Protein chains: 2
Amino acid sequence: MKKADINSVEIARLAGVSRSTVSRVINNYANVPPKTREKVMKVIQQYNYFPNASAQVLAGKRARTIGLFLIAPGHVSSDMLVNRMIVSVIEDVSAYGYYVLTHIIRDASDQETVRNVKEIFFQRRIDGGIFIGAANREPFIEELIAEGFIVGVVDQQHPEIPQSNRIVANFNNDSGMKQAVAYLTGLGHTRIGVINGDMNRLSGPTKYEGFLKAMQLCGLQVNQDWVLDGSFHEESGYEAIYSFLRKNGERPTAIIAANDSVAFGAIRALKEHGLQVPEDISVIGFDDHALSEKHHPPLTTIRVDFSDMLKQLTSILIGKIEQPTDDVKQITLECSLVVRDSCRRV
Amino acid sequence: MKKADINSVEIARLAGVSRSTVSRVINNYANVPPKTREKVMKVIQQYNYFPNASAQVLAGKRARTIGLFLIAPGHVSSDMLVNRMIVSVIEDVSAYGYYVLTHIIRDASDQETVRNVKEIFFQRRIDGGIFIGAANREPFIEELIAEGFIVGVVDQQHPEIPQSNRIVANFNNDSGMKQAVAYLTGLGHTRIGVINGDMNRLSGPTKYEGFLKAMQLCGLQVNQDWVLDGSFHEESGYEAIYSFLRKNGERPTAIIAANDSVAFGAIRALKEHGLQVPEDISVIGFDDHALSEKHHPPLTTIRVDFSDMLKQLTSILIGKIEQPTDDVKQITLECSLVVRDSCRRV
DNA sequence: CTGAAAGCGCTTACAG
DNA sequence: CTGAAAGCGCTTACAG
């Protein structure tokens, strides 16, 4: 069924030149006279010839493929944020003529899974990779970097010894938290609680520390009863509030959630308990999730631009792939407050 | 920086065997004595050796990669449905040890774009591809199939002459529409309108024809003023209703939307016009979008299982890749009514 | 059971 | 400006 594959020697024969010349026109070498180039191009187009990618890579070209690794235990398919990121990366790299091999890691502690990820790098299927959602200092990512692979990591601590093949991308979560606390303070809140994210990810502790610092700056007391555990997922926000309310202790007037998903869950739990947002309690999120605007109530949040981050990250990554240099690259993006209707003045 | 890459001759040398033998243990040939296998495996593991994928492919192995092509003019990143599909395919194929190269096609009429897609096939980056969201009989996909590539297509008409390398996957939209009309009829509706999808996609006309047939079956008259144009996107649902209401003509008591996104848009337009759903008008969607359940009101819809479809499709696709056969494969999945709160009895 | 050798389809110094 | 040749790292008949 499949048409006999045509290759460069066939093209060479048909064009009356050598394979070397065919290769030269394909790779846009300067020293090919226009006449020759034209002649060869005509045959190439006529026969719908495209050089075999594996042969090119084996002969020293790049795979022009980057790996996109999403660490996400179970929740990926429903999270629009992840979707945005996948699409962002695909479109960003395609502008450079690159492809993306997307991989989902359900359990980063599973040996088999880790082996598969490493395999992708070692097999040279990709020229570099981006990891999103990993625990801070995830060992196997560190290994990959130590091995010399070009890796972009989102939400990871900078290493003590900077490495030129590690590109770190973060948001200024510290500043984001300050904005959140300052905003609430401005509305008159003094009793502010927080639902934390996953403390194994860098943004977990970073946001919490930012919260503590911001509270101090505003001269507010942190009530440890109002510091709730979470994990960046909606369910964790729900559960945090659910079990908090069961205790029937004193309540904060405002809650800062580690991200918008957590805020959604928290609000759901509050509603179920008969508490209105923002009438009875104010809630502020983080990320500006696609659904936050349409949420009831529309969620006040700290906006973060993942698309912009990934655009910068992929650009640097591909730059490093094409031209490995010793300079250390890292990016930090600012966050900004988006006021909607989930917080009220007290 | 990068550790000297180790290759099979090096492994062979270290294990005291020939490259042939190394290859044999890697490829699990039967005729390797356990002792030898063990010896070689030890070296392989010790040196963290993974065979170079390009070399393997060039030597005749499969790329173990399938292409996932999403045709989606602009709206991809916000549509959770697309996300679900991407993730589904990735996870489905990874169960077979395959990878996916995801590609987004913004404009299938752009020559450059089409060339890029073809290139991916001709370069042998992938063993086969899946197209989602394409116009029915999209010419370049037909070309690819004619060329002999193994292709899975969602929502496409079966060809007159069946081809073994074309795998067609559809939902039984006809039955879905019948269920929708029958349900509304059961609630006492006789004045039923419809917002169509993109008529260039198979499901556009199929759903509409299903609607017409179902109306006839139920002995109902189709009012052409209530047949509105759309395109499967929310905005089109909004616009369809918006301009319909401006005309101030007679109104249907129920509307069937080509999919849930369209229904969301339609409901938004109705609300803006001061009409309540389902009090003033009933609306039923199609797909059972992830947001339909949380919508206000929760949307009654015809459920369709994309994950199941893609699971079957990828399974057949990979089967064909590994063992090309002449049998023609196609799948059709049933739809089912999900009753929620967007339709009322009249 | 195992090795030597050919071959997969390219690219790129090298020589002219 | 251009061709012959080596090399990329594998796999797989072939022969023993």
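Here is the naming used below: chain letters follow the sequence lines, and residue numbers restart at 1 for every chain. Note that this is a predicted model, so its numbers are computed, not measured.
- In the model, A:Thr325 has a side-chain atom that pairs as donor or acceptor with a side-chain atom of A:Lys320 under 3.5 Å.
- Distance NZ (B:Lys39) to C1' (C:dT2): 11 Å, rounded to an integer number of Å.
- Counted within 6.0 Å of NZ on B:Lys39, heavy atoms from surrounding residues, nucleotides or ligands total more than 12; the atom is thus considered enclosed.
- Between B:Lys118 and B:Leu144, the closest heavy-atom pair is CG-CD1, 4.0 Å.
- Taking the six-membered ring for Trp and thresholds of 30 and 60 degrees, A:Phe121 and A:Phe69 have nearly parallel ring planes, at less than 30 degrees apart.
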Can you check ring pair (Phe, Tyr, Trp, His ring centres under 6.0 Å) on A:Phe122 and A:Phe149, steps first, answer last?
-> CA-CA 9 Å; A:Phe122 280 101; A:Phe149 292 110; 5.2 Å; yes

Which parts of nucleotides 8-16 of chain D does protein reach within less than 4.0 Å, heavy atoms only, written one letter per nucleotide 5' to 3' as B for base, S for sugar-phosphate only and - for none?
-> BBBBBB---

What pattern of brackets, bars and dots sums up DNA chain C from 5' to 3', given Watson-Crick or G-U wobble pairs under 3.5 Å, [ ] for crossing pairs and | for another strand?
-> |||.||||||||.|||

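- Of all non-hydrogen atoms in B:Pro162 and B:Val328, the two that sit nearest each other are CB-CG2, 3.6 Å.
- With rounding to the nearest 0.5 angstrom, the CZ atom of A:Arg37 is 11.0 Å from the CZ atom of A:Arg24.
- A salt bridge links A:Asp155 to A:Arg201: at least one charged side-chain nitrogen sits closer than 4.0 Å to a carboxylate oxygen.
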